[in-house]
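Beneath this line is the structure, given in structure tokens, with notes to follow.
Naming: A, B, ... by sequence-line order, numbering from 1 per chain.
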Protein chains: 2
Amino acid sequence: MAKIDDVARLAGVSKGTVSNVFSQKRPTSKTVREKVLQVSRELNYVPNHIARSLVTKKTMAIGLTIPHGNFFFSVFHNQFINGVVLEASIYGYRVLLDMIPVEEVKTPSLASYPIDGAIVLGPTEEDERIDLLHQNQVPFVTVGKIINEGLYDATTVNNDNDQIMRDICDYLVGFGHRNMMFLNAGRHSTVSIERTEGFVRALQEHEIELQPHMVHYKPGIHSDQYMTYGYDETIRILGERKERVTAIIADDDRTAFSVMNAINELGYSVPDDISLFVICGDLSMMHQVTPSLTGMDLQPSELGAQSVKQLMHKLGVLEGEYPDNCIVSSTIIERSSCSPVYSRNESVST
Amino acid sequence: MAKIDDVARLAGVSKGTVSNVFSQKRPTSKTVREKVLQVSRELNYVPNHIARSLVTKKTMAIGLTIPHGNFFFSVFHNQFINGVVLEASIYGYRVLLDMIPVEEVKTPSLASYPIDGAIVLGPTEEDERIDLLHQNQVPFVTVGKIINEGLYDATTVNNDNDQIMRDICDYLVGFGHRNMMFLNAGRHSTVSIERTEGFVRALQEHEIELQPHMVHYKPGIHSDQYMTYGYDETIRILGERKERVTAIIADDDRTAFSVMNAINELGYSVPDDISLFVICGDLSMMHQVTPSLTGMDLQPSELGAQSVKQLMHKLGVLEGEYPDNCIVSSTIIERSSCSPVYSRNESVST
DNA sequence: CCGAAGTATTAAACCGGTTTAAACATCACG
DNA sequence: CGTGATGTTTAAACCGGTTTAATACTTCGG
């Protein structure tokens, strides 16, 4: 690979000038510029990204840490990543995936991070990733609330989870549902904690007594029940315990499908007997299936884009004032999996 | 941030020694090592990844280029990425996402790639990404056949698309289907080309005449019909043209759902009237829906892992002989969306 | 026509590590 | 005690760019 000295020599100018031609940080005369570019083309020269990073102290890459496991992530993650990558590319930034298999967090990788900043998706209560970033002085933005904000000079992008749960409950209670079951995501992420809190609060507002069967958490990703969570809980609560639940709120579409399976197996149907609400799922797919699924549009792609914007501010790439927190709005997408509780009786009387 | 000189000074040794303590490339005495590590801890020192890369000429990162657009990618991509990230982490490599919004491919990014190698998913017939990598002398592995193999010293990981189509056709013809419709992926990727060829060949083997309505390609990602492709074609062919198609092969689950919608709308049902086969989809979800969908297990995660292995060989990280091409096996996962053609009559007679 | 101000260019220092070649220490052996 | 073998440590060169401070070349007002 040709290097800057080769170009400089052949073009009859100094390294500094060649550098300026490419970085455009200082003006160069047209004559020189064209000569340099011509030589570069002949030599197939491209500035070495690493060498440049070393002195500018910018890698032009941001890290994206996604809590994973040995499993796939969801459509939400997809769209989120898309939002991140697309927005980052606007500022000339690349995205480094950091789906750390949890055990490895403990090895401080024996070297600094080759990134200028990071986006942390779904922080947990005691998140090692955050400690690590903070310790290495990597600026970061979290997507989802973070505990001990002050400690980290934290910036957060989030949905308004409290509002989301209130909206959902208002919607379902408006349909007459009072015995609802919430199949939340994993117990540890702050987002899921916020949602449970929001759910409980919403119930209070509607003067509905919170019962033990109403809130459940998805088991850990390595658990056997991870995939069958929705099915299992539905069978257990509605089948074995015979709770008269009339509406189920599922955290994601996968869980919802699993729930639907159980519902069918129990001889019920959606939405006539039981309404089903999906918080976070693939809207286009939810539209295609039968019955189509009512759910929330969390705008994952927008979450991704906003988190990049926030990070760019932190990095000084974007200027001007900006708030430390950014809330991305979410709206209910009404389809056909939720209906008034009395609809069954109606259809019977018809 | 503390640098190596600081550590060297405080520990009373030379830079070179400190370097050796961290890189472990040369032995150091226990006394010195402990002193250095102790000082490093006090100073919160971590070797600078960039500086190291500059001289070792290794970034310990590989690029992953996924053809995207402004849209989400699928579960296949998910699992593929997971396979890549997980396998790469074994060798200490990180993954840099390179979902280049197509226009930008043309800007050679004004700097070399900060990666040691790349994985190209779904190459197209004339793939600019490949030309670019080749030109920048970045070793790469493609997932999916590549045209002009020889030109690029190419290594490929792939499913046996010919065999896949043959298996599917054998399966469906075994059920008595002879009028099948194949809703393929986009026209440009080499994978989709291979599949069409395989399909045509399989039809010949069964002495079924290929008719124009039997093969379709998904429109471009920016097209209005991208999302409704399955629905549109089904309505057009089965509804308007009244072709007596008895089986539909859909490239992905999204398309399959869309097809199912159309089938229902036309007053048919799956699988009684029409069998539905999904080539590439989310198996767990396909299991949950009603009717559950029969499809192929392409082992995306394994494809990802294998492509990393191949790349590691190219980079000299893994040693020993290895073939230039790697075929990942795929098997039919039988569920309930495909059945014999005469099943309708049977059920009527019951 | 001179001095000031502005524009291009350059040589040398620098970024923070690794690597090389030489120096130094230690120890065993004849 | 000299010699060689082995094992550690070091000073200096190097990786391939950017940046600084000095220098040369223009332009322009008075």
| field | Trace of the side chain to side chain donor-acceptor pair (under 3.5 Å) decision for Y152(A) with D131(A) | value | CA-CA 9 Å; Y152(A) 299 110; D131(A) 288 333; 2.5 Å; yes

| note | H313(B) meets the ring-ring contact (aromatic ring centres under 6.0 Å, His included) criterion, sequence neighbours left out, with Y322(B)

| field | K314(A): side-chain hydrogen bond (donor to acceptor under 3.5 Å, both in side chains) partners, not counting sequence neighbours | value | T155(A)

| task | Using a strict cut-off of less than 4.0 Å between a Lys/Arg side-chain nitrogen and an Asp/Glu carboxylate oxygen, indicate whether K3(A) and D6(A) qualify as a salt bridge. | result | no

| said: Which residue in the set T156(B), T65(B), T190(B) passes side-chain hydrogen bond (donor to acceptor under 3.5 Å, both in side chains) when paired with T142(B)? | reply: T156(B)

| request: Using modelled atom types only, decide if a donor and an acceptor are shared between the side chain of D127(B) and the backbone of T124(B) within a distance under 3.5 Å. | output: yes

| With side chains defined as the heavy atoms from C-beta onward, is the minimum distance between V328(B) and N158(B) less than 4.5 Å? | no

| said: Heavy atoms within less than 4.0 Å of DNA chain C: which residues of residues 16-30 of chain B have one? Give them sorted by number. | reply: G16(B), S19(B), K25(B), R26(B)

| said: Suppose we screen for ring-ring contact (aromatic ring centres under 6.0 Å, His included). Which residues come up paired with Y91(B), at least two apart in sequence or across chains? | reply: none

| note | Axis-to-axis angle across the helix from dC1(C)-dG30(D) to dG30(C)-dC1(D), five pairs each end, nearest 10 degrees, ~ 50°

| request: Report yes if some heavy atom in the side chain of Q79(A) is under 4.5 Å from a heavy atom in the side chain of V75(A); otherwise report no. | output: yes

| Just the endpoints, please: which first and last nucleotides of DNA chain C, 5' to 3', lie under 4.0 Å from a heavy atom of chain B? | dG16(C) to dT20(C)

| Across the strands shown, which category fits K57(B) at heavy-atom distances under 4.0 angstrom: base, sugar-phosphate, nothing? | sugar-phosphate

| query | Between the main-chain N or O of P114(B) and the side-chain N or O of T59(B), is there a donor-acceptor pair closer than 3.5 Å? | reply | yes

